[in-house]
> 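Sending over a structure as structure tokens; questions will come in a sec.
Numbers here simply count residues along the sequence, with the first being 1. Fair warning: this is a prediction, and the values are worked out from it, not measured in the lab.
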Amino acid sequence: QVQLVESGGGLVQPGGSLRLSCAASGFTLDYYAIGWFRQAPGKEREGVSCISNSDGSTYYGDSVKGRFTISRDNAKNTVYLWMNSLKPEDTAVYYCAAVLGRCSTWEAEYEYWGQGTQVTVSS
């Protein structure tokens with residue numbers, strides 16, 4: 001069965017850090033770009049970050065640049081999102097998604113999606 005499973009979410013204080021993981025099963029991530037998206041209550045889903053397969057290029061949304069880092073470990077079939085200096089406005093459900101080839105800003109191009117993991121930043 002093809003699956004993407006996010007983990008690592010939770011409650012953290014402002015300024016804290018979390019590492020999210022996106023683990024693939026039923027397929028390998030070698031040929032895929034992996035994107036992270038998030039959706040807060042009452043807001044549209046937005047792109048957070050993406051890492052390509054072909055050249056390892058990374059992309060970040062303006063709101064997280066300098067604070068988040070995306071990386072991949074193909075041997076573990078896993079992509080990570082390192083989240084630092086977290087702010088209350090980072091509170092959202094975070095999703096990972098896979099698209100063949102290179103990163104895309106168009107959500108419809110992503111083939112597989114995880115179920116999401118909740119990140120709450122609050123004191």
Side-chain angles (χ1 to χ4, degrees):
Q1 182 179 352
V2 172
Q3 277 192 312
L4 288 174
V5 179
E6 303 95 337
S7 62
L11 175 64
V12 64
Q13 292 186 324
S17 299
L18 287 173
R19 186 191 73 172
L20 303 186
S21 298
C22 175
S25 61
F27 73 110
T28 63
L29 295 178
D30 297 23
Y31 305 108
Y32 290 83
I34 304 298
W36 285 95
F37 301 82
R38 68 185 183 186
Q39 187 167 26
K43 302 181 69 175
E44 294 183 350
R45 187 162 58 192
E46 64 173 333
V48 176
S49 184
C50 187
I51 184 166
S52 69
N53 173 258
S54 58
D55 61 3
S57 299
T58 58
Y59 304 89
Y60 300 93
D62 289 342
S63 63
V64 306
K65 286 180 180 177
R67 299 188 298 119
F68 291 9
T69 302
I70 190 170
S71 64
R72 68 189 301 149
D73 187 341
N74 285 347
K76 296 184 180 296
N77 218 25
T78 300
V79 170
Y80 304 99
L81 184 68
W82 302 84
M83 310 166 66
N84 301 311
S85 301
L86 284 162
K87 305 174 180 179
E89 53 262 42
D90 295 318
T91 296
V93 177
Y94 284 72
Y95 302 88
C96 66
V99 58
L100 278 170
R102 60 187 180 274
C103 290
S104 174
T105 59
W106 188 26
E107 293 183 11
E109 292 190 345
Y110 287 82
E111 184 175 358
Y112 304 118
W113 288 81
Q115 293 299 115
T117 185
Q118 176 71 48
V119 172
T120 302
V121 184
S122 176
S123 59

> Can you sort out the partners of Phe37 under ring pair (Phe, Tyr, Trp, His ring centres under 6.0 Å), two or more places apart, ordered by chain and number?
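For Phe37, the residues satisfying ring pair (Phe, Tyr, Trp, His ring centres under 6.0 Å) (neighbours in sequence not counted) are Tyr110, Trp113.
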> Quick one: list whatever passes side chain to side chain donor-acceptor pair (under 3.5 Å) with Asn74, sequence neighbours left out.
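Per chain and number, Asn74 pairs via side chain to side chain donor-acceptor pair (under 3.5 Å) with Arg72.
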> Where the side chain of Thr78 meets the backbone of Lys76, is there a donor-acceptor pair that is under 3.5 Å apart?
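Flag set: sc Thr78 to bb Lys76 pair under 3.5 Å.
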> Linking Ile, Leu, Val, Met, Phe, Trp and Tyr by side-chain heavy atoms under 4.5 Å, what else ends up with Trp82?
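Tyr80, all in the cluster of Trp82.
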> Under the side-chain contact (heavy atoms from CB on, under 4.5 Å) rule, collect the residues that match up with Lys43, sequence neighbours excluded.
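Counting only residues at least two positions away or on another chain, Lys43 forms a side-chain contact (heavy atoms from CB on, under 4.5 Å) with Ala40.
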> Tyr31: what forms a ring pair (Phe, Tyr, Trp, His ring centres under 6.0 Å) with it, not counting sequence neighbours?
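For Tyr31, no residue satisfies ring pair (Phe, Tyr, Trp, His ring centres under 6.0 Å) once neighbours in sequence are set aside.
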> I'd like to check the side chain to side chain donor-acceptor pair (under 3.5 Å) partners of Thr69; sequence neighbours left out, ordered by chain and number.
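For Thr69, no residue satisfies side chain to side chain donor-acceptor pair (under 3.5 Å) once neighbours in sequence are set aside.
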> If you take all heavy atoms of Ser49 and Leu81, which pair is closest and at what distance?
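Shortest heavy-atom contact: CB-CD1, 4.1 Å.
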> Determine all donor-acceptor pairs shorter than 3.5 Å in which one atom belongs to a side chain in residues 12-25; sequence neighbours excluded.
| from | atom 1 | to | atom 2 | distance (Å) |
| --- | --- | --- | --- | --- |
| Ser17 | OG | Asn84 | OD1 | 3.0 |

> Does Val5 offer a backbone N or O that forms a donor-acceptor pair with the side chain of Gln115 under 3.5 Å?
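Looks like no, no N/O pair under 3.5 Å.
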> Looking at Tyr60 and Ile70, would you say the former's side chain and the latter's main chain have a donor-acceptor pair under 3.5 Å?
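Such a contact is found between Tyr60 side chain and Ile70 backbone.
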> In a table with atom names and distances, give each donor-acceptor pair under 3.5 Å that connects a side chain of residues 92-105 to protein atoms at least two apart or in another chain.
| from | atom 1 | to | atom 2 | distance (Å) |
| --- | --- | --- | --- | --- |
| Tyr94 | OH | Arg38 | NH1 | 2.9 |
| Tyr94 | OH | Asp90 | O | 2.6 |
| Ser104 | OG | Trp106 | N | 3.0 |
| Ser104 | OG | Glu109 | OE1 | 2.6 |

> Asp55: what forms a side chain to side chain donor-acceptor pair (under 3.5 Å) with it, not counting sequence neighbours?
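Checked Asp55 against side chain to side chain donor-acceptor pair (under 3.5 Å); matches are Ser52, Ser57.
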> Restricting to side chain to side chain donor-acceptor pair (under 3.5 Å), what partner residues turn up for Glu107, sequence neighbours left out?
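Per chain and number, Glu107 pairs via side chain to side chain donor-acceptor pair (under 3.5 Å) with Arg45.
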> Provide the full list of ring pair (Phe, Tyr, Trp, His ring centres under 6.0 Å) pairs with a residue in residues 3-25, sequence neighbours left out, each pair given once.
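Matches after skipping sequence neighbours: none remain.
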